[in-house]
K.L.:
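Quick one: the structure is below, questions incoming.
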Amino acid sequence: MNNDLIVTNRGLAQMLKGGVIMDVTNAEQALIAEKAGAVAVMALERVPADIRAAGGVARMCDPLKVKEIQAAVTIPVMAKCRIGHIMEARILEALKVDYIDESEVLTPADEENHVDKSQFKVPFVCGCRNLGEALRRIAEGASMIRTKGEAGTGNVVEAVRHMRKVQSEIRKVASMAEEELFTEAKNLQVPYTLLLEVRQLKRLPVVNFAAGGVATPADAALMMLLGADGVFVGSGIFKSTDPAVRAKAIVESVSHWDDPSILATVSEGIGEAMKGLDIHLIAETDRLASRGQ
Amino acid sequence: MLIGLLGFQGAIEEHEMILASLGADSIRVKKASELIALDGLLFPGGESTTMLKMLEFSNLLDPLQSVLSHGLPVMATCAGLILLAKKTTSPIQKSLGQLDITVKRNGYGPQYFSFCEEVSIESFEKTFRAVFIRAPIILSTGPSVQVMARDHHGHPVFVRSGRQFGLTFHPELTQDDRIHRFFLNQIKKNSRRELCQDIQNGIT
């Protein structure tokens, strides 16, 4: 990747900061998201909760659906490809989506390798559970990072775990002596130069959003408090009883996350959140976050 | 000097860091009471539709219009410029209607067509590496508007009208602080102390 491409691709994620990116499955939902103030939408065949319920292999969505959503809104349109599925990524690039999410929510196509994202002109966002995963994805060319959380559960506990983990590992690296970074790079299985950059910046070199289980305005604000630059909401909006109202409330909560009185107002009477799942009742093998390390 | 950054969403921190490095203080503006005692405003890049919704949700459109009409200096980048413009197209979107230009939103196309290029800016000695991200295109400018730089197609990318400055690119994403420096100098030059009272009366 040349430097200009790094600047424009990471830069688009910087423009999304303080915003909410919403999963949508058709033009109608995309318009609801845009009207509520979403900074971008993620085009999907099914929201993660339905992927979980349906079982089977989850794949990139139908290009027709991507086009339908692109035609409906003016905000950026993202779409997901399977981990390691270079050709799904190429197809999404040909469709000129604004960001590709190489996502553990879909069934991985390659259990060893991720897509070499530096070979693409379109930027990628990838999930992580910790600093090691985040920096490996950035080394592969990701221009934006998000926590994995546990998608489709409506339970924020895993997103909290992952965000806290990343932030505490960054604090640890920031306080290390420079000569200790060589061993830390080996331990985390990441390039030394990226670790050096984290130490200097005291943050990831790219924008880091929260994702996976956000269901309420308070959930979204909590993720901002923990250091997220913005929030992805998947099933949380369109699996709730009043998506338009909830979407707007979550947008406002991300902008005003540090003002509890505004959070109280926007959380009022917004209908029921999605039902949600207890993480401990999900079998280890059914957890999406462990895909693609 | 105190600069108010429209603080809802977008690349806010990036501007804050440059302003701080130039010795200017900044605050994030999310409500009308935060518009008092500012020397200038800065509208960052982000998503214009989102920012517009937040301005509406927070009842900030009228107070902003008031301080801008009273001559508070402003610099607006990318999405911020769309908010400041008199007219927007593709599609038409509400705006503050201040800077007399017509802006085509997302003029160069999707992210795939985002780019960087050297632009020559009037009164700047050396060219500036301009970063265009899903940038708008300025289709036309009114008689009061001066074009300070153009892209390789000839579209204006940096314009001014009195105390209002608009850019379609992102000076906050480069290490080059000349545009911020220029804006702060313009504020100093047109010291607007005498305006303070008017502006505050405008809000209250």
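Lettering follows sequence order; numbering is per chain, from 1.
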K.L.:
I need the minimum non-hydrogen distance between A:G18 and A:V254, along with the two atoms involved.
P.N.:
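The pair with the smallest heavy-atom distance is O-CG1, 3.4 Å.
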K.L.:
Between A:V39, A:V77, A:I262, which shows the greatest number of heavy-atom pairs under 4.5 Å with chain B?
P.N.:
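Winner by heavy-atom pair count: A:V39.
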K.L.:
With 3.5 angstrom as the limit, list the donor-acceptor pairs from chain A to chain B, or say none if there aren't any.
P.N.:
{"unit_1": "A:D4", "atom_1": "OD1", "unit_2": "B:R129", "atom_2": "NH2", "d": "3.4"}
{"unit_1": "A:D4", "atom_1": "OD2", "unit_2": "B:R129", "atom_2": "NH2", "d": "2.4"}
{"unit_1": "A:T8", "atom_1": "O", "unit_2": "B:Q111", "atom_2": "NE2", "d": "3.1"}
{"unit_1": "A:N9", "atom_1": "OD1", "unit_2": "B:Q111", "atom_2": "NE2", "d": "2.8"}
{"unit_1": "A:Q14", "atom_1": "NE2", "unit_2": "B:E14", "atom_2": "OE2", "d": "2.8"}
{"unit_1": "A:M15", "atom_1": "O", "unit_2": "B:Q9", "atom_2": "NE2", "d": "2.5"}
{"unit_1": "A:K17", "atom_1": "O", "unit_2": "B:Q9", "atom_2": "NE2", "d": "3.1"}
{"unit_1": "A:K17", "atom_1": "O", "unit_2": "B:G10", "atom_2": "N", "d": "2.8"}
{"unit_1": "A:K17", "atom_1": "NZ", "unit_2": "B:E13", "atom_2": "OE1", "d": "3.0"}
{"unit_1": "A:K17", "atom_1": "NZ", "unit_2": "B:E14", "atom_2": "OE1", "d": "3.1"}
{"unit_1": "A:K17", "atom_1": "NZ", "unit_2": "B:E14", "atom_2": "OE2", "d": "2.8"}
{"unit_1": "A:G37", "atom_1": "O", "unit_2": "B:T50", "atom_2": "OG1", "d": "3.0"}
{"unit_1": "A:A38", "atom_1": "O", "unit_2": "B:T50", "atom_2": "OG1", "d": "3.1"}
{"unit_1": "A:T74", "atom_1": "O", "unit_2": "B:R134", "atom_2": "NH2", "d": "2.8"}
{"unit_1": "A:T74", "atom_1": "OG1", "unit_2": "B:R105", "atom_2": "NH2", "d": "2.8"}
{"unit_1": "A:D98", "atom_1": "OD1", "unit_2": "B:Q111", "atom_2": "N", "d": "2.8"}
{"unit_1": "A:D98", "atom_1": "OD1", "unit_2": "B:R134", "atom_2": "NH1", "d": "3.1"}
{"unit_1": "A:D98", "atom_1": "OD2", "unit_2": "B:R134", "atom_2": "NH1", "d": "3.1"}
{"unit_1": "A:K121", "atom_1": "NZ", "unit_2": "B:Y112", "atom_2": "O", "d": "2.7"}
{"unit_1": "A:S255", "atom_1": "O", "unit_2": "B:K30", "atom_2": "NZ", "d": "2.5"}
{"unit_1": "A:S255", "atom_1": "OG", "unit_2": "B:F8", "atom_2": "O", "d": "2.7"}

K.L.:
Identify which part of B:I133 has an atom lying under 4.5 Å from any heavy atom of chain A, answering side chain, backbone, both or neither.
P.N.:
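The side chain, not the backbone.
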K.L.:
Is the centre of the B:F128 ring less than 6.0 Å from the centre of the B:F158 ring?
P.N.:
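So the answer is no for these two rings.
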K.L.:
Between A:M22 and A:A33, what is the shortest heavy-atom contact and its length?
P.N.:
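Taking every non-hydrogen atom into account, SD-CB, 3.6 Å.
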K.L.:
For B:F57, which residues count as a ring pair (Phe, Tyr, Trp, His ring centres under 6.0 Å) partner, sequence neighbours excluded?
P.N.:
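Not a single residue meets the ring pair (Phe, Tyr, Trp, His ring centres under 6.0 Å) criterion with B:F57.
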K.L.:
Side chain from CB out, backbone as N, CA, C, O: work out which of these in A:A36 comes under 4.5 Å of a heavy atom of chain B, or both, or neither.
P.N.:
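Backbone of A:A36 only, per the 4.5 Å heavy-atom cut-off to chain B.
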K.L.:
What residues form a ring pair (Phe, Tyr, Trp, His ring centres under 6.0 Å) with A:F232, not counting sequence neighbours?
P.N.:
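A:F209.
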K.L.:
Could you report the tightest heavy-atom contact between B:I12 and B:L5, atom names first, then the distance?
P.N.:
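The pair with the smallest heavy-atom distance is O-CD1, 4.0 Å.
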K.L.:
Pick from A:G230, A:G11, A:P76: which one has the most heavy-atom pairs with chain B under 4.5 Å?
P.N.:
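Heavy-atom pair counts peak at A:P76.
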K.L.:
Restricting to side-chain contact (heavy atoms from CB on, under 4.5 Å), what partner residues turn up for A:A218, sequence neighbours left out?
P.N.:
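Checked A:A218 against side-chain contact (heavy atoms from CB on, under 4.5 Å); matches are A:T216.
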K.L.:
Less than 4.5 Å to any heavy atom of chain B: does that hold for the side chain of A:A38, its backbone, both, or neither?
P.N.:
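The backbone, not the side chain.
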K.L.:
Looking at B:M1, I want to see if its CE is surrounded by more than 12 non-hydrogen atoms of other residues, nucleotides or ligands under 6.0 Å.
P.N.:
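More than 12 within 6.0 Å, yes.
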